[in-house]
Amino acid sequence: MTTYSQPDDAGHYGEFGGKYVPETLIPALEELESVYYHLKDDSEFQGELDELHREYTGRPSPLTYAPRLSDDLKLNIFLKREDLNHTGAHKINNTLGQILLARKMGKTRIIAETGAGQHGVATATVAAKFGLQCIVYMGEEDIRRQQLNVFRMELLGAEVRPVNSGSKTLKDATNEAIRDWVANVEDTYYLIGSVVGPHPYPMIVRDFQKIIGEETKEQFAAMSGGLPDALVACVGGGSNAIGIFYPFIDDDVQMYAVEASGLGLDTEKHAATMSLGSQGIFHGASSYLLHNDNGQVQLPHSISAGLDYPGIGPEHSYLKTSGRVKYLDATDNEAVQAFRWLSEKEGIIPALESAHALAVLQQRKTSMEKWDNVVVNLSGRGDKDVNTIADYLGKDLS
Amino acid sequence: MRRIAELFAEPTKKLVPFITAGFPSLDSTVELVLAAEQAGADMVEIGMPFSDPLADGPVIQEASQIALDNGITVKTIIRQVEAVRKKSSVPLVLMGYINPIMRYGLDQFLSDVESAGVDGLILPDLPPEEGFDIYKKVKSHSLSPILLVAPNTFEPRIRWIGTMAEDLMYAVSILGVTGSTISANTKLKEYLGQIRENTDTPFVVGFGISSKEDVAAVAPLADGVVVGSALLKKIKSADDPVATTREFIEELKEGLLDKKGIKVSGRKIPESRSSTGSE
C-alpha cells in the first residue's frame, strides 16, 4: 500500500486545488507557505500550540460511546466530542493554529469570513486572546439570521462588517474578505475557516484539524483496541471531515462524508456539491462546485448555515475521485430528525451540521455490518441552532 | 503580427476603456464599443461577467450582476464581438474569470473567440503558475495573453510574466481591487519604472484611473491606461449611455495630448521588439 501524500509541491490534489488568485495575492501565499513549512515541524511552535489546546481549548476532546443510539441501530456508535471544545466546535483547532502563524509573520490585522458565525466567533476569540485587531466579513442575510453570534463577536472585540453584494451570504463574505486581503496584504492575515481557498490554505487547515483524527485513533485503540470500522463526518467546506479522516487515510477504515441536500436532491434547494456539482474554479481553487451551464456560481440551500456553501475543499474532490471517501447526503428533514434523536437518546444537543452525519446512520444510508464500530465526528454543539429548530418545527419561542 | 503587438509597437500612448458586456442592457455592448472607438479609444476591454468577481470593486461587481440578470452569457458575448468586428477593426480584449471559460470548454472558447475577432485575453484569476499551459494555447490561437503584474510582484517574476505575455501586460496600479483610488500608491513611478527595467513587453496601467488628470499623470509612465469603473459609473446614471461613453472618452483622451494638442509619444521601441514583428 502506498502512503498518501497530497498535495504536491504546487498545491495540487490530483487535478484539484492550486492557486487561482489575482497576482497581488501570489507573494502573500508564497510567504505563508514558506513560513508554514518552516514552522510545521518546529517543536517550539508545536509545543506552544499543544499547550494552548490543553489549557485553552480543553483538548483532548472525549470519545463518547453512545449506548442508546447503538442499541437503536445495532451498531457501536462513538462520538468524537468536538462540541465540548472552547467556543463549541472544531473551528478553534484551526483558528488557534493560524493565529500563531499570523503572529510569527508579524501581521497585526486579522480578517475572516463567516457564514453562521461559528468561524467568526472562533477567530474573534483567538484575536482577543492575542490582542490583535479582528475584522469579520459576514453577509447581511446571515447577520439577520444569526444575531446572537454577531453580538458574541462584538463582545469579543471584533468588528463585524456586513456584506451586501451578491447573495449576501458566506460566498459573498468570502469574496469581500479576499478583496480586503488584496488591498491590505502587507499587514493583514487572512484567517480562512475551512479546507478551501488557494494553496496552502487547504493543507494548513487540514494539518491544524487533523488533531481530531489523531486523538480519535488513540482513544479508540485504548477503549476497544484496533481501529474503528468506519468514520462519518459532515461536509460543507470540509474541515471537520478532513480533520478526522486524514490520520486514518492509509488504514483499512471506511469513510463517509455527508453533505446537505436541503429540501432534496431532486429540488433546486440543496448544498449537494458532490452529488450534483461538477469541477469548477472558485475562491482560488479547482474543486467540485455548484454552478450553472454558464459557469455562474449557484446559491446553495441548507437548514444548517455551516453547510450552506456552493464549493468544497479540493482535497475532498480528490478523495471522491479516488474513491477513498464515500460522499452521501442528508436532507434538512433527516438532519432535524437526527438532531432530536441524539438530544433525546443521549442528552447531547448537536450542531445541525453534525446532525447530518448522524442522519446517514439513522437513515441506514451506509453499508455497515451489525455491530460495526463507527465514529461520528460531533463537530459542534447545537445551542446556536435552537431557534432554527423551533422555527422548523413551527414552535414560537418569543 | 497580432493586432495588439502591432498597436503597441507604435510609440503613442493608448487609451483603453473597459465596459461590461450586457450592461446597462443586454444589447448595449456593440454600440458602446463602437462609440468608444469613434471617441478615440485605441483598444477596448470587454468584461465577461462572473457571479463572484474577486478582483473587482463595487462598481464592476454591480455592473456584472446587472448584466447577469439581463441574461448575458459567454455565447452572447462572442456574438456581440462578431457584430463589432463587422464594423470595426479596433483591437478587442476580453476580460474574464476562468470558471465560465472552463465551463464553456477551453478549446471551444479559444477557437470561438479567435474566429469572432478577439485579439487578447485578460484572465485575472489565472496567474502564470496555474495558467502556463493555458496561456500557451491562447497564443496558439493568435490571441495575446495579457498577464497581470502587481505592485508587490518581485523582479524575477516580472521578467517571467513579461516573457509569457509577450505582446502586452496589465500593471495593476495599486494593492487593491478595481475602482480604488490610484493616489493611494505614492510609489507608482518607482513601481512602473521597475517593470520597464525588467521587461521589454509593453504594459498598460489600470485600477483607479478615473479622470483626464489621472490619465495625464499615469500615461507618461506606461504605454497606455485602462479606465473601467469610472466609465461604468457614468454609464449607469446616463440617460443616453452611448453619448455619455463618447463624451467621457473624448474627455479622457485629452489627457493624452500635450499642450499643442499633439499625441504624447512614448518610449523608444527597443530594437529587439521592433525586429520581431514579422509574424
Side-chain angles (χ1 to χ4, degrees), chain A residues 9-12 17-31 163-167 170-188 197-199 277-287 289-299 310-311, chain B residues 48-58 61-62 64-65 68-69 71-77 96-105 109 123-132 147-154 157-158 161 169-172 174-181 184 207:
Chain A
D9 289 343
H12 294 121
K19 21 178 140 163
Y20 294 86
V21 293
E23 184 60 31
T24 315
L25 293 182
I26 294 285
L29 292 172
E30 283 177 352
E31 183 194 6
V163 175
N164 63 11
S165 58
S167 60
L170 175 59
K171 92 177 169 70
D172 308 283
T174 306
N175 292 341
E176 214 45 46
I178 294 175
R179 289 183 189 117
D180 178 313
W181 196 30
V182 169
N184 300 289
V185 67
E186 280 162 340
D187 67 347
T188 297
H199 178 69
S278 61
Q279 189 172 5
I281 295 165
F282 179 59
H283 287 160
S286 174
S287 193
L289 175 65
L290 292 173
H291 50 163
N292 67 17
D293 292 342
N294 296 312
Q296 307 298 341
V297 179
Q298 286 172 318
L299 297 184
Chain B
M48 302 197 291
F50 180 47
S51 52
D52 296 83
L54 283 183
D56 287 303
Q61 287 172 41
E62 194 192 357
S64 302
Q65 194 52 54
L68 289 171
D69 293 343
I72 197 76
T73 62
V74 172
K75 215 172 259 176
T76 307
I77 295 168
Y97 293 84
I98 194 69
N99 194 58
I101 295 173
M102 299 307 276
R103 185 78 195 208
Y104 186 92
F109 175 80
L123 310 172
D125 57 350
L126 191 71
E129 34 277 271
E130 298 298 340
F132 195 76
L147 278 85
L148 271 60
V149 173
N152 56 353
T153 307
F154 299 117
R157 196 173 162 88
I158 294 175
I161 292 171
M169 302 188 302
Y170 188 126
V172 173
I174 40 133
L175 296 175
V177 292
T178 55
S180 312
T181 318
F207 286 35

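It should be emphasised that the depicted structure is a prediction, and the values quoted were computed from it without experimental measurement. Throughout, protein chains are lettered first and strands after them, A, B, ... in sequence-line order, and every chain is numbered starting at 1.
For chain A, the nearby parts of B:Leu54 are the backbone and the side chain; heavy atoms of each come within less than 4.5 Å. Heavy atoms closer than 4.5 Å to chain A are found in the side chain of B:Leu68, but not in its backbone. Neither the backbone nor the side chain of A:Ser286 comes within contact range of chain B; no heavy atom of the residue lies under 4.5 Å from a heavy atom of that chain. Of the atoms belonging to B:Pro124, it is backbone heavy atoms, and not side-chain ones, that fall under 4.5 Å from chain A. With a 4.5 Å cut-off on non-hydrogen atoms, A:Val297 touches chain B through its backbone and its side chain both. Contacts between B:Tyr104 and chain A at a heavy-atom distance below 4.5 Å are absent for every atom of the residue. Within the 4.5 angstrom heavy-atom criterion, no atom of B:Tyr97 approaches chain A. Interface remark: B:Ile161 contributes side-chain atoms only to the contact with chain A (heavy atom separation under 4.5 Å). Proximity to chain A is absent for every atom of B:Pro58, based on heavy atoms less than 4.5 angstrom apart.
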Go through it in stages, so that I can follow the logic: the residues are A:His199 and B:Glu129, the test is side-chain contact (heavy atoms from CB on, under 4.5 Å), and I'd like the CA-CA distance, side-chain angles, deciding distance and then a yes or no.
CA-CA 12 Å; A:His199 178 69; B:Glu129 34 277 271; over 6 Å; no
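For CG of A:Asp293, the number of neighbouring non-hydrogen atoms (other residues, nucleotides, ligands) closer than 6.0 Å is 12 at most.
The distance from atom CG of B:Asp52 to atom OG of A:Ser167, rounded to the nearest 0.5 Å, is 7.5 Å. Atom OG1 of A:Thr24 and atom CD1 of B:Ile174 lie 8.0 Å apart (nearest 0.5 Å).
Counting heavy-atom pairs closer than 4.5 Å to chain B, the top-ranked of the candidates A:Ile281, A:Asn292, A:Asn294, A:Asp180 is A:Ile281. Ranked by heavy-atom pairs under 4.5 Å with chain A, the list B:Gly131, B:Pro100, B:Pro128 is led by B:Pro100. With respect to chain B, the highest number of heavy-atom pairs below 4.5 Å among A:Glu186, A:His291, A:Glu176, A:Lys171 belongs to A:His291. If you tally non-hydrogen atom pairs under 4.5 Å between each of A:Ile26, A:Asp172, A:Leu289, A:Ile178 and chain B, the highest count goes to A:Ile26. The most heavy-atom pairs under 4.5 Å with chain A, out of B:Gln65, B:Met102, B:Gln61, come from B:Gln61.
Side-chain contact between A:Phe282 and B:Asn99 is absent, with no heavy atoms from C-beta onward closer than 4.5 Å.
Closest of all the heavy-atom pairs between B:Arg103 and A:Gly295 is CG-N, 3.5 Å. Among all heavy-atom pairs drawn from B:Asn152 and A:Pro27, the shortest one is O-CG, 3.4 Å. Residue A:Lys19 comes nearest to B:Glu130 through the heavy atom pair N-OE2, 2.7 Å, listed as atom of the first residue, atom of the second, then distance. Taking each heavy atom of B:Pro127 and A:Glu23 in turn, the nearest pair found is CB-OE1, 4.3 Å.
The main-chain N or O of B:Ser51 is found under 3.5 Å from a side-chain atom of A:Gln296 such that the two form a donor-acceptor pair.
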